[in-house]
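Note that these values count all heavy atoms, side chains included, but never hydrogens, waters or copies made by symmetry. For the single chain, residues carry numbers from 1 onward in sequence order. Owing to the predicted nature of the structure, the values given are computational and were not obtained by experimental measurement.
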Amino acid sequence: MPWFGRKKKTQDDFANSIEVHSHGPSPVLISFDEGDGEGPKIENPWVDQRHSKGRFRRLVGGRGAAAARSDLSGNIQHIYPVVESTISQNDECCCAVGDSMVDSLYAEDPTTGQIGDQEPSVPPLPMDPSGGAAALDLRSARRMESIRDGEESEDESSRKKHCLANKSLSRPTINKACVLITCLCFLIAAFVATLVTLIKRNKARSASLVGGTGNSTSAESDNIFNTTASGDNGESLNPNDNQDETDGVDDTFVYTSATALSDQESPQWKAMDWLLNNDESRLFLSGGASRTEIQERFGAATLYFATKGNGWSSDLGFLSGGSICSWNDGESLGIFCNEMGAAEKINLASNNLSGSMPNELKYFSSLKTLYLYYNELTGSIPDLSPLTSLEEIDLDTNSLAGDVPGSLFNLPNIRYLYLLYNKGLTGSIPNIQDQSRLERISLFQCSFFGSLPSSLGKASGLELLQLKNNAFTGTIPSEIFGLPKLETLGLHGNRLTGFIPSIPESLGTTLVSLSLGGNQLQGPIPDGLAGLVNLELFSVHENKLTGSIGSELVQLPALQGLWLFDNKFTGTLPDLSSSPSTLAELYLNGNELTGNLEDLLATAPSSLETIDLSQNSRLQGSISTEIGRFTSLKSFNVSYCSLDGSLPGSSLGPLASVELLAVAGNELSNTIPSEIGKMQALRVLDLSRNAFSGDIPSEIRNLSSLASLDVSYNPFLSGNLNPIICDGGTIDITTAVADCADDFMTTVKCDCCTACCSPSYEQCFAA
């Protein structure tokens with residue numbers, strides 16, 4: 001019978017029993033239970049006590065318990081029969097289990113002269129060390145009971161007297177030999193019969209437990225997950241029945257619900273079915289496995305079924321007969337164990353997992369690393385608080401959803417928590433406990449909300465706090481800027497308000513990246529920036545910041561990216577003459593800056609790859625020849641300023657890396673230089689809304705990478721774009737806009753343009 005739903009034995013169940021002393025440490029109880037028709041039951045309380053905390057204890061109790069027991073694997077180690085005294089009314093002798101038993105049963109009391117009044121001297125009943133014993137024949141046991149209680153029937157008394165009368169005839173040696181030979185024959189016959197009965201009964205029970213393997217019938221094949229299956233006493237069983245009364249195997253699977261185990265479509269049912277029926281190691285049924293081995297094997301099998309293991313890129317040996325420590329590729333993917341044989345790392349990254357994360361991950365009590373990133377997992381993240389050894393969790397780039405358990409942030413040994421790129425994940429960051437070991441938190445591109453707890457400052461070892469693109473509100477706690485080891489702080493794309501806290505000197509040597517863009521922050525750039533000697537990225541774009549851009553910011557020695565766009569900064573363009581040669585990205589667009597573009601081009605470091613000064617309407621000057629210094633330039637955007645002059649063709653030609661050249665919305669004039677045709681990497685060319693004149697240079701046809709061309713609203717520009725971009729040339733253009741509308745102001749021909757504009761009507765029409 002399976003372990004689920006077994007009732008404990010009560011005092012009443014021992015009321016109808018006799019005590020037979022064994023060679024073991026305690027007596028053996030032979031109970032006579034007539035209700036079930038299965039005969040007496042032999043029990044050894046010492047055996048039950050010895051196994052009470054064992055993993056595969058069987059409680060032999062209740063009026064429906066089986067007459068004999070064997071261990072779970074079906075192996076019968078020892079069988080010791082107890083045979084009833086064989087009495088024949090017509091024979092010359094009577095036999096008992098040993099001559100001493102005959103003497104004691106039918107001896108005449110010298111004092112009273114009464115026959116059979118003494119306690120029967122029963123030979124010791126040998127016990128199997130595992131708790132198994134042979135069944136005692138019910139008829140002889142009852143006879144023994146009646147003798148013990150002094151209740152003799154008339155037939156029984158006459159049989160005794162007949163045997164006693166004939167006993168004198170059995171004393172001669174030849175008769176005694178007959179007795180011994182006869183007894184020996186019956187002993188052998190009883191032994192064989194009992195052995196066969198026990199083997200058959202044990203096979204039936206094992207087949208019922210494991211779901212009907214072998215040649216078991218359909219009635220025998222009900223397994224432990226079928227809530228309609230019946231036990232030995234015919235009671236319906238449920239995996240969660242009497243959980244408080246059985247401290248055996250069911251407690252091993254404490255993190256698995258009865259509902260899951262009763263659903264044959266669930267990963268848990270499939271995993272347990274595999275464990276019982278198809279696991280080549282037979283680890284679960286052998287009885288020799290530790291609790292941890294069983295739990296982890298079941299947990300690994302459940303993980304396989306829950307994440308659609310049959311569709312994995314590599315099965316990594318899962319569900320093979322070996323230890324789960326061998327379920328890996330020998331390098332980095334799979335399950336890896338510590339020296340004690342317990343799983344400490346599960347890495348199934350980029351292995352085409354789908355489905356959900358099972359609750360049974362909790363069984364990996366020694367787990368330190370869990371990598372499931374770059375898969376297609378759905379569902380929620382289970383509570384993993386029992387995994388107190390867990391140090392690293394990486395679930396990056398899946399489709400997980402639902403509230404994230406706050407306990408993940410406060411696992412006692414957690415250091416890395418990567419949940420990024422799971423847009424459906426929600427929740428808030430709980431208060432961080434003292435002595436937190438957190439080093440890296442990344443919730444980028446999730447849907448977390450709420451305020452940022454000041455207790456984050458307790459995570460003194462925190463190096464990465466990446467919370468970009470969530471829905472956090474409130475102000476930025478100053479405690480975050482007090483983290484002594486903080487290297488990356490990413491709060492971009494939230495709904496944070498208030499001022500940027502001052503930055504202490506203690507952060508100066510560690511902070512590498514500070515991203516606060518896309519919020520509703522206000523006020524000036526905070527003080528204390530000069531000490532950020534290792535800062536590479538300063539990003540506060542898309543806020544409501546005001547004030548000027550100080551020189552201490554642009555002079556930071558390690559600065560690579562300065563993202564200040566879409567704020568309300570005023571004042572002149574910063575002096576970049578002292579900026580480091582590492583500076584590559586300069587985004588000052590969308591502000592109210594003044595100054596002269598020529599000065600910036602003359603002083604800025606030539607390492608710049610991106611220069612975006614667009615939408616600073618008060619910025620003046622012209623595009624000087626100094627632009628040729630920026631040989632690494634990839635993007636140059638000065639649209640919608642107040643620039644004049646012309647494009648320096650001789651300086652633009654050498655800029656072979658430029659992909660975007662945008663000068664729209666200025667007052668540039670003269671012709672479009674033909675040297676533009678040498679800018680082979682150019683993908684976007686926007687010359688619209690200026691005062692260019694003359695013909696469009698045919699050299700543009702050499703721009704094989706060009707995808708977007710806009711020369712609209714240049715009323716003095718003329719030419720024919722058909723042979724340049726329309727007539728099967730090398731350009732695979734997707735967007736082309738020119739002044740090709742059908743009106744009297746039309747100056748450009750273009751049959752393939754996506755939009756034609758009319759300078760006279762200030763309107764463009766889709767082609």
Side-chain angles (χ1 to χ4, degrees), residues 396 409 414-421 428-432 436-446 448-545 552-553 556-565 567 582 585 587:
D396 175 11
F409 294 85
I414 193 66
R415 297 187 299 119
Y416 297 168
L417 181 59
Y418 293 113
L419 306 180
L420 60 160
Y421 291 111
S428 58
I429 299 177
N431 286 325
I432 303 301
S436 172
R437 298 187 62 192
L438 278 168
E439 296 179 14
R440 294 180 172 270
I441 301 175
S442 182
L443 310 180
F444 180 42
Q445 203 73 33
C446 294
F448 279 79
F449 54 85
S451 59
L452 301 178
S454 59
S455 59
L456 281 167
K458 295 180 180 180
S460 57
L462 200 60
E463 300 173 355
L464 170 72
L465 183 59
Q466 186 59 274
L467 308 179
K468 288 183 178 181
N469 295 347
N470 282 277
F472 291 111
T473 56
T475 59
I476 302 174
S478 59
E479 288 82 357
I480 291 179
F481 284 90
L483 292 168
K485 296 183 179 180
L486 190 63
E487 297 177 0
T488 300
L489 177 60
L491 303 180
H492 164 80
N494 285 283
R495 301 170 187 172
L496 300 173
T497 58
F499 294 82
I500 302 174
S502 297
I503 299 175
E505 293 183 2
S506 59
L507 201 59
T509 58
T510 61
L511 193 62
V512 174
S513 176
L514 178 61
S515 179
L516 308 177
N519 286 286
Q520 301 172 28
L521 301 174
Q522 58 186 2
I525 294 175
D527 297 329
L529 297 179
L532 302 178
V533 295
N534 290 311
L535 189 68
E536 297 177 358
L537 174 65
F538 184 80
S539 173
V540 294
H541 59 92
E542 296 178 294
N543 279 290
K544 300 177 182 178
L545 300 178
E552 64 176 5
L553 176 59
L556 292 175
L559 192 63
Q560 297 181 16
L562 185 60
W563 294 21
L564 307 180
F565 63 88
N567 279 286
T582 56
E585 298 177 338
Y587 290 99

Validation row: [X], [Y] side chains within 4.5 angstrom (heavy atoms):
| X | Y | result |
| --- | --- | --- |
| Leu529 | Glu552 | yes |
| Leu535 | Val512 | no |
| Phe499 | Leu521 | no |
| Ile429 | Ile441 | no |
| Leu556 | Val533 | no |

Closest contact, heavy atoms only, [X] versus [Y]:
| X | Y | result |
| --- | --- | --- |
| Ser436 | Ala459 | OG-CB, 4.1 Å |
| Asn534 | Thr509 | ND2-O, 2.6 Å |
| Pro477 | Ser454 | CB-CA, 4.0 Å |
| Thr488 | Leu486 | O-CD1, 3.6 Å |
| Gln466 | Gly490 | OE1-CA, 3.2 Å |
| Asn494 | Phe472 | OD1-N, 3.0 Å |

Between [X] and [Y] (side chain of the first, backbone of the second, donor and acceptor by atom type, cut-off under 3.5 Å), is there such a pair?
| X | Y | result |
| --- | --- | --- |
| Asn543 | Gln520 | yes |
| Asp396 | Leu419 | no |
| Asp527 | Ser502 | no |
| Thr475 | Thr497 | no |
| His541 | Phe565 | no |
| Asn470 | Leu443 | yes |
| Asn519 | Leu496 | yes |
| Asn567 | Leu545 | yes |
| Ser539 | Ser515 | no |

Exercise. Does Phe444 have its ring centroid less than 6.0 Å away from the ring centroid of Tyr421?
Worked result: yes

Exercise. Do Leu564 and Phe538 pass the side chain to side chain contact (heavy atoms under 4.5 Å, CB included) test, and can you show the C-alpha distance, the side-chain angles, and the key distance before you say yes or no?
Worked result: CA-CA 8 Å; Leu564 307 180; Phe538 184 80; 3.9 Å; yes

Exercise. By ring-ring contact (aromatic ring centres under 6.0 Å, His included), which residues pair with Phe448, not counting sequence neighbours?
Worked result: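 Counting only residues at least two positions away or on another chain, Phe448 forms no ring-ring contact (aromatic ring centres under 6.0 Å, His included).
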
Approximate separation, where rounding is to 0.5 Å, of [X] [atom1] and [Y] [atom2]:
| X | Y | atom1 | atom2 | value |
| --- | --- | --- | --- | --- |
| Ser442 | Leu464 | OG | CG | 6.0 Å |
| Leu438 | Tyr416 | CG | OH | 11.5 Å |
| Asn469 | Leu420 | CG | CG | 11.0 Å |
| Ile432 | Ser455 | CD1 | OG | 5.0 Å |
| Leu462 | Arg437 | CG | CZ | 13.5 Å |
| Gln560 | Ser513 | CD | OG | 10.0 Å |

Problem set entry | Sequence neighbours excluded - salt bridge (charged side-chain N to carboxylate O under 4.0 Å, His left out) pairs with any residue from residues 451-463 |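 Counting only pairs at least two positions apart or across chains, the salt bridge (charged side-chain N to carboxylate O under 4.0 Å, His left out) contacts touching residues 451-463 are Asp434-Lys458, Arg440-Glu463.
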
For this session: Step by step, work out the side chain to side chain contact (heavy atoms under 4.5 Å, CB included) result for Leu489 and Ile480.
Result: CA-CA 9 Å; Leu489 177 60; Ile480 291 179; 3.8 Å; yes

For this session: For the pair Leu559 and Leu537, evaluate side chain to side chain contact (heavy atoms under 4.5 Å, CB included) and give the outcome as yes or no after the intermediate values.
Result: CA-CA 6 Å; Leu559 192 63; Leu537 174 65; over 6 Å; no

Problem set entry | Test side chain to side chain contact (heavy atoms under 4.5 Å, CB included) applied to Leu456 and Glu479, step by step | CA-CA 7 Å; Leu456 281 167; Glu479 288 82 357; over 6 Å; no

